[in-house]
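Input: a single structure, listed below in structure tokens.
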Amino acid sequence: MNKRKNSVSEAVRRIHLFPLRLIAEGLAVGVAAGLVVTVYRWLLQKAGVWLTAVLDATVGSPWKMAGWFAVLIVIALAVGKLVEWEPMISGSGIPQLEGEMSGKLDQTWWKVLPAKFCGGFLCLLGGLSLGREGPSIQLGAMAGKALARLVSIGKSEEKYLLTCGASAGLAAAFHAPLAGVLFSLEEIHKNFSVSVLISVMTASVTADCLASFFLGRDPVFQFRIYGDLPMEYFWMVLLLGLLLGVFGAFYNWFTLKSQELYQRAAFLNSRTRLLLPFLAAGVLGYTVPALLGSGGNLITEITADQLGIGAALLLLAGKFLFSGVSFGSGAPGGIFFPLLVLGGLAGGIFGMGCSELFGLPPEYVNNFVLLAMAGYFTAIVRAPLTGIILIFEMTGSLSQLETLTLVAGAAFVTAELLRSTPIYESLLLRILKRQGIEVPKENQGKVLKEYVVMHCSRVEGRRIAQVSWPEHALIVSVRRGTEEILPRGSTRLMASDMLLIMVDEDCEGPVGDRISELCAERPEEFTEI
């Protein structure tokens with residue numbers, strides 16, 4: 001008796017200590033993920049510097065340029081080899097993490113960490129139009145998973161550490177601790193419990209402090225906002241949100257289509273398909289170097305009034321296409337940063353157009369650059385809170401709350417009306433299909449149908465739980481005369497009962513036939529079910 005009492009007391013004590021343990025684990029994950037992502041971010045900064053130096057040193061010399069193309073081919077094959085060794089590093093890394101959180105995938109942390117680190121660095125060194133945020137989130141999560149495996153905690157608690165690592169990764173990548181918290185809860189964990197919130201905040205702030213100590217605290221985007229946009233121009237903000245919703249839906253379609261085109265090319269494999277974006281980067285490096293890399297330089301140029309509408313449109317189209325070519329190949333890298341750049345360019349073009357056509361004061365053009373980043377992110381990812389807070393932290397501007405909310409809301413609603421699936425959900429479905437994992441269809445049409453239980457049918461006199469009902473069918477109610485019965489497994493069906501059954505629209509025919517067969521009159525025989 002005493003032994004049982006002690007075990008109960010121990011269980012109660014562990015429950016009370018669980019939030020404190022999560023805070024300690026969040027601190028440990030924040031340190032581990034923060035260090036990994038800080039080193040990764042520093043190397044990516046160096047990659048940009050080295051790439052510029054190489055292009056400056058080789059331009060004008062055919063032999064040196066040919067030598068750089070040869071290096072790009074070697075880098076492409078090396079990255080392809082890494083992807084072949086560990087397929088989970090392909091692309092952003094955020095869909096893979098979402099798949100693991102939902103129990104559909106299981107990443108090998110000791111393979112993902114080095115492969116994603118090296119692959120992401122090589123892709124940015126080669127000039128591909130990819131971001132650092134997806135890899136940073138995946139690296140942070142894998143640091144959390146490594147810690148969980150090293151201390152041998154349970155599977156449920158491990159997912160808390162994955163969430164903490166994701167938050168820490170985004171915080172260290174962008175100096176955005178609040179956005180890291182919101183994104184990890186809104187997109188990754190999909191739960192706002194107090195326990196996970198405190199541990200995630202601890203990890204996020206810890207990682208941000210580490211990154212700030214080594215790399216400084218300057219905002220990622222540094223441009224001047226003139227002031228709050230007057231209300232007389234709010235209609236422009238609403239129009240911008242609608243356009244961004246359409247543009248975001250098109251971006252999602254184009255990104256998935258580019259992946260399909262690579263996959264359909266039978267002559268390409270996981271290594272050779274990476275040759276295309278790296279060779280394209282080589283060509284652009286000597287023709288339009290502004291399109292290389294993540295693209296933060298483009299935001300600097302458009303906010304400093306160094307681009308006209310024509311030049312900005314050409315750069316927007318070029319960046320859009322090159323981003324699709326880069327990401328569609330399966331190269332390790334994210335879409336987060338490039339899509340913010342695309343949104344900023346679109347907002348700048350919209351603002352300059354409004355200035356010329358509708359008399360918008362030119363000093364407010366930068367406001368539309370900032371607003372479009374949040375709106376475009378929302379249309380594509382469908383995480384409006386994260387988008388708003390992320391733009392706050394990345395620009396250092398705490399104004400524009402009303403207009404940010406308006407543009408994000410309009411973009412969100414437009415993308416929803418266009419039935420554009422959030423990009424990370426679509427990418428996860430692609431990964432699961434390639435892994436041979438059956439994915440249940442969601443958000444498909446439902447049909448309500450009525451069936452009468454006939455005398456001597458297979459279901460007459462049977463309890464609902466005893467009947468082998470077809471998949472994709474749900475008994476909503478049982479109507480017996482004027483009585484409405486809530487269906488339970490123990491409910492016994494009687495002749496003349498009216499069954500209201502919900503069926504998935506895409507399998508209405510075969511499922512309906514099976515239910516009709518079960519409920520049909522069979523006087524000549526009685527077959528056990």
Side-chain angles (χ1 to χ4, degrees), residues 19 21-44 89 92-94 96-98 100-101 107 109-110 112-114 116-117 120 131-151 153 157-217 219-220 334 336-337 383 385-386 389-390 392-394 424:
R21 189 168 72 250
L22 278 181
I23 294 174
E25 291 171 350
L27 180 63
V29 172
V31 171
L35 289 175
V36 171
V37 175
T38 297
V39 175
Y40 180 70
R41 181 178 162 189
W42 177 80
L43 276 176
L44 294 189
I89 70 168
S92 168
I94 294 174
Q96 290 89 324
L97 179 56
E98 291 184 354
E100 177 147 4
M101 291 296 294
Q107 301 175 87
W109 68 266
W110 57 268
V112 172
L113 271 174
K116 191 74 169 192
F117 193 101
R132 64 178 182 244
E133 76 303 316
S136 297
I137 290 171
Q138 190 178 21
L139 288 171
M142 290 302 98
K145 186 170 185 176
L147 185 64
R149 294 299 172 87
L150 291 174
V151 298
I153 64 174
E157 197 169 338
E158 179 181 293
K159 292 189 176 183
Y160 284 96
L161 269 63
L162 286 169
T163 307
C164 290
S167 175
L170 182 58
F174 283 155
H175 286 313
L178 289 178
V181 171
L182 278 176
F183 183 79
S184 62
L185 296 180
E186 190 175 24
E187 185 69 21
I188 304 296
H189 199 80
K190 303 184 186 301
N191 189 313
F192 282 82
S193 68
V194 175
S195 297
V196 69
L197 175 62
I198 294 174
S199 60
V200 165
M201 288 178 61
T202 303
S204 186
V205 172
T206 301
D208 180 58
C209 289
L210 280 172
S212 300
F213 179 79
F214 290 106
L215 301 176
R217 297 196 59 84
V220 176
F336 215 100
F337 200 104
L385 290 178
T386 299
I389 297 301
L390 181 66
F392 278 163
E393 295 184 298
M394 289 182 68
Y424 292 127

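Small disclaimer: the values here were computed from a predicted structure and weren't measured.
The two residues L210 and T38 come nearest to each other via the heavy atoms C-OG1, 4.2 Å. Heavy atoms only, all atoms of each residue included: G165 and A33 are closest at O-CB, 4.2 Å. Closest approach of E393 and A179 over heavy atoms only: OE1-N, 2.8 Å. The two residues T206 and G30 come nearest to each other via the heavy atoms CG2-C, 3.8 Å. When all heavy atoms of A171 and P177 are compared, the closest pair comes out as CB-CA, 3.7 Å. Closest heavy-atom contact between F183 and L170: CB-CD2, 3.7 Å.
Rounded to the nearest 0.5 Å, atoms CG (L147) and CG (L162) are 10.5 Å apart. With rounding to the nearest 0.5 angstrom, the CZ atom of R217 is 7.0 Å from the NE2 atom of H175. Taking CD1 from I198 and OG1 from T202, the interatomic distance works out to 7.5 Å, rounded to the nearest 0.5 Å. Rounding to the nearest 0.5 Å places OH of Y424 at 3.5 Å from CD1 of I94. With rounding to the nearest 0.5 Å, the separation of OG1 in T163 from CD1 in I188 is 7.5 Å. Taking CD1 of I23 as the reference point, atom CE of M201 lies at 10.0 Å (rounded to 0.5 Å).
S199 has its side chain out of reach of R21: every pair of non-hydrogen atoms, C-beta onward, lies at least 4.5 Å apart.
Under the rule for a side-chain contact (heavy atoms from CB on, under 4.5 Å), F213 has no partner lying at least two apart in sequence or in another chain. For F337, the ring-ring contact (aromatic ring centres under 6.0 Å, His included) partners are F174, F221, not counting sequence neighbours.
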Notebook entry, point to check: So S136 and Y40, side chain to side chain contact (heavy atoms under 4.5 Å, CB included) or not? Walk me through it.
Noted result: CA-CA 8 Å; S136 297; Y40 180 70; 3.9 Å; yes
Checklist line | side chain to side chain contact (heavy atoms under 4.5 Å, CB included) evaluation trace for E25 with I153 | finding: CA-CA 11 Å; E25 291 171 350; I153 64 174; 4.1 Å; yes
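Within the 3.5 Å criterion, the main-chain N or O of A172 finds a donor-acceptor partner in the side chain of R41. Judged purely by atom type and a 3.5 angstrom limit, S204 has no side-chain atom pairing as donor or acceptor with the backbone of V200. Of the possible donor and acceptor atoms, one in the side chain of K116 sits under 3.5 Å from a partner among the backbone N and O of I89. Between the side chain of Q107 and the backbone N or O of M142 there is no donor-acceptor pair closer than 3.5 Å. A donor-acceptor pair under 3.5 Å links the side-chain atoms of S167 to the main chain of G180, judged by distance alone.
Remark: of the listed residues Q138, K159, K145, K145 is the sole one forming a side-chain hydrogen bond (donor to acceptor under 3.5 Å, both in side chains) with E100.
A salt bridge between R149 and E158 is present, with a side-chain N of the basic residue lying under 4.0 Å from a carboxylate O of the acidic one.
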